[in-house]
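Worksheet: one structure, shown below.
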Amino acid sequence: MPLIAIASPKGGVGKTTLTAHLAGILAGRGYRVTVLDLDPQNALRLHMGVSIREEGGFMASIQASDGWKSALLDTDCGAKLLPFGAAEPADVLDIATALATRPDLLAGPVRQMLADPDLVLLVDTPPGPGSALAALYPMTDLMVLVLLADAGSASLVPQIAQNRFMGRGSLATRAAERAVVVLNQFDARAPLSAAVLEMAQRALCHRLLGAVARDEAVAEALADKRLLTDGASGAAEDMQVIADQVVRRAGLRPPGTRRPGFSALSEWG
Ligand SMILES: Nc1ncnc2c1ncn2[C@@H]1O[C@H](COP(=O)(O)OP(=O)(O)OP(=O)(O)O)[C@@H](O)[C@H]1O
Ligand SMILES: [Mg+2]
């Protein structure tokens, strides 16, 4: 049921890495997880052990409306994946324009996915706002913003603290209010990392979800087509802690437990 979007005003900060790991960790804990890739780079599949030769996907053919179920792939970690799919640059522009005028092309299928009360939907996004993410604003329960522990990211913290980073308008502001922040590639020995962490803690308070260590094992795991789901220290442990926080902030019920139903309400709805 909950939709958790992983986003950032910046590129190359670890959105896809964190999305794949949250999917793996939550699936490993027994949650039923689907991951949707909204980024035309179509890279999430590589983090999740899918072959580079696999070119099918959901977003790339969203206007042809083949349905989303036929694009679902099983992955090694147990989560299901809806890759973006291979798309030419002209098609990517076309999809973005189509979603700006017809957000329901994406919002409709996602609403169907979210009708499953046991499903956790994680969404990986390209950098910045964009029409695909905007189509999902009204349905987003939690937005996890990834930043680096560097000066470029630090300069964005005030905008995030004031809920202005998604742009103007009620829907963008409401989505921004549901944002929490993860500082990635944190280096406990680097004074700059420590200063950015302190500044982010001050400005964001409880909205700072945590930090993930800079750890070579992250890139090595990707090169090996596996997730870094177990490890006593470094990024693996930090991502488990972030997953604990996501479970809490998104209000995920323990797998297998159901919210009490109100049958009359579902009949009327
Ligand atoms: N904690 C970490 N420690 C070391 N390297 C990391 C860490 N997190 C991510 N990386 C590396 O940083 C690079 C960028 O990560 P990733 O692709 O997840 O970022 P992104 O925000 O999804 O990028 P894009 O904006 O292009 O979609 C990758 O090479 C990844 O292996
Ligand atoms: Mg990415």
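As the structure is a prediction and not an experimental result, all values here were calculated from the model. Quick note: numbers below take in every heavy atom, side chains included, and nothing from hydrogens, waters or symmetry partners. Just so you know, residue 1 is the first one in the sequence shown, and it goes up from there. For ligands, and for the atoms within them, numbers begin at 1 and follow the listed sequence.
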### Residue shell around ligand 1, heavy atom under 4.0 angstrom
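Correct list: G11, G12, V13, G14, K15, T16, T17, D39, Q41, P127, N184, Q185, V212, A213, R214, D215, V218, A219.
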### Message
Below the 2.8 Å mark, what number of protein N, O or S atoms do you get around the Mg ion (ligand 2)?
### Response
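Considering protein N, O and S only, the Mg ion (ligand 2) has 1 within range.
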### Query
Using a distance-only test with no angle check, is there a side-chain donor-acceptor pair under 3.5 angstrom linking R207 and Q201?
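No.
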### Query
So, S193 and D187: side-chain donor and acceptor under 3.5 Å apart, yes or no?
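Result is no, nothing qualifies.
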### Query
So, does R249 use its side chain to make a donor-acceptor pair with the main chain of V180 at under 3.5 Å?
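Absent.
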### Message
Applying a strict under-4.5 Å side-chain criterion to I, L, V, M, F, W and Y, I'd like to know whether V146 and M48 cluster together.
### Response
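Linked, V146 and M48 end up in one cluster.
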### Query
Going through the checks in order, is the salt bridge (Lys or Arg N to Asp or Glu O under 4.0 Å) test met by D104 and R102?
CA-CA 5 Å; D104 233 40; R102 295 158 61 204; over 6 Å; no
### Task
Inspect the surroundings of CZ in R164 and state if more than 12 heavy atoms from other residues, nucleotides or ligands are less than 6.0 Å away.
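Count over threshold, so yes.
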#### Entry: Among I52, V35, L73, the one residue meeting side-chain contact (heavy atoms from CB on, under 4.5 Å) with R45
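The option that passes is I52.
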### Message
Rounded at 0.5 Å granularity, tell me how far OG1 in T34 sits from CG in D116.
### Response
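It is 8.0 Å, given to the nearest 0.5 Å.
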### Query
Taking atom CZ of R226 and atom SG of C77, what is their separation to the nearest 0.5 Å?
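R226 atom CZ to C77 atom SG measures 14.0 Å (nearest 0.5 Å).
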